[in-house]
Amino acid sequence: MRVLVLNGPNLNLLGSREPEVYGRETLADIEVLVRNRAQALGIEVAFAQSNHEGDLVDVIQAHRGWDGLILNAGAYTHTSQAIPDAISATQLLTVEVHLSNVFRREAFRHHSTISPVAWGCIVGFGFRGYLAALDLLHGRLTEGTVG
Ligand code: CA2
């Protein structure tokens with residue numbers, strides 16, 4: 001089982017500012033936590049981050065045929081048409097993750113262009129959202145159920 005964990009713009013800055021919104025963990029910390037959980041579950045993971053929308057599309061396309069995608073597209077969540085198109089084109093089973101509870105924040109963060117093409121969305125649980133996404137993908141892919 002192969003899962004891509006993809007992070008969008010500014011998430012490379014995690015841990016440096018706004019810990020009350022995004023937590024104290026750096027993206028490298030989150031990668032270690034995800035890799036440890038993935039190893040325990042027998043999942044191969046690839047981790048990537050980019051500040052550029054087209055790069056995110058390229059990475060998604062390059063992982064066509066993988067089993068799952070855990071995606072925090074950052075602010076592109078609210079604007080991108082190309083990223084959901086890439087998800088639709090590759091048919092990657094996608095869990096959308098947001099560290100913060102976007103529904104407690106500004107109205108522009110309440111809309112996601114990713115959600116309509118995602119299996120589901122996890123918001124507001126900080127780094128734990130990535131671990132939950134991994135568990136959910138593992139459950140669905142091993143049980144063969146849709147839910
Ligand atoms: O809550 C999330 O995970 C977001 O995807 C984070 C995005 C934001 O635009 C979305 O609305 C919700 C922003 C990520 C910015 O990350 C920073 C990290 C450290 C310091 C400043 C920004």
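Atoms considered below: every heavy atom in the structure, side chains included; atoms not considered: hydrogens, waters and symmetry mates. Indexing begins at 1, ligand by ligand and atom by atom, following the structure's order.
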Report yes if the side chains of L131 and V34 come closer than 4.5 Å at any heavy-atom pair, otherwise no.
-> yes
For [atom], what is the closest protein heavy atom, and at what distance to 0.1 Å?
atom                    : result
atom 7 (C) of ligand 1  : G74 CA, 3.7 Å
atom 19 (C) of ligand 1 : L13 O, 3.4 Å
atom 6 (C) of ligand 1  : Y22 CE2, 3.5 Å
atom 11 (O) of ligand 1 : H78 NE2, 2.7 Å
atom 8 (C) of ligand 1  : R109 NH1, 3.3 Å
atom 1 (O) of ligand 1  : S100 OG, 2.5 Å
atom 14 (C) of ligand 1 : L11 CD2, 3.8 Å
atom 16 (O) of ligand 1 : N10 O, 3.4 Å

Look at D29 together with R24 and state whether they make a salt bridge at an N to O cut-off of under 4.0 Å.
-> no
Sub-4.0 Å atoms of ligand 1 with respect to non-hydrogen atoms of A75 = 9 (O)
Considering the heavy atoms of E18, write down every atom of ligand 1 situated less than 4.0 Å from one of them.
-> 21 (C)
Polar contact flag for [X] and ligand 1 (N/O pairs, less than 3.5 Å):
X    : answer
R105 : no
H98  : yes
S16  : no

hydrophobic_cluster_shared for V117 and I70, side chain cutoff 4.5 Å = no
Record the part of L99 in heavy-atom contact with ligand 1 below 4.0 Å; permitted values are side chain, backbone, both and neither.
-> both
Test item: [X] side-chain N/O and [Y] main-chain N/O as donor-acceptor pair under 3.5 Å:
X    : Y   : result
T90  : I87 : yes
E44  : M1  : no
Q91  : S88 : yes
R109 : H78 : no

What is the distance from atom CG of L56 to atom CG of N51, rounded to the nearest 0.5 Å?
-> 8.5 Å
With L4, the side-chain contact (heavy atoms from CB on, under 4.5 Å) member among T94, V59, D67 = V59
For ligand 1, is there an atom lying under 4.0 Å from some heavy atom of T77?
-> no
More than 12 foreign heavy atoms under 6.0 Å from CD of Q39: is that the case here?
-> no
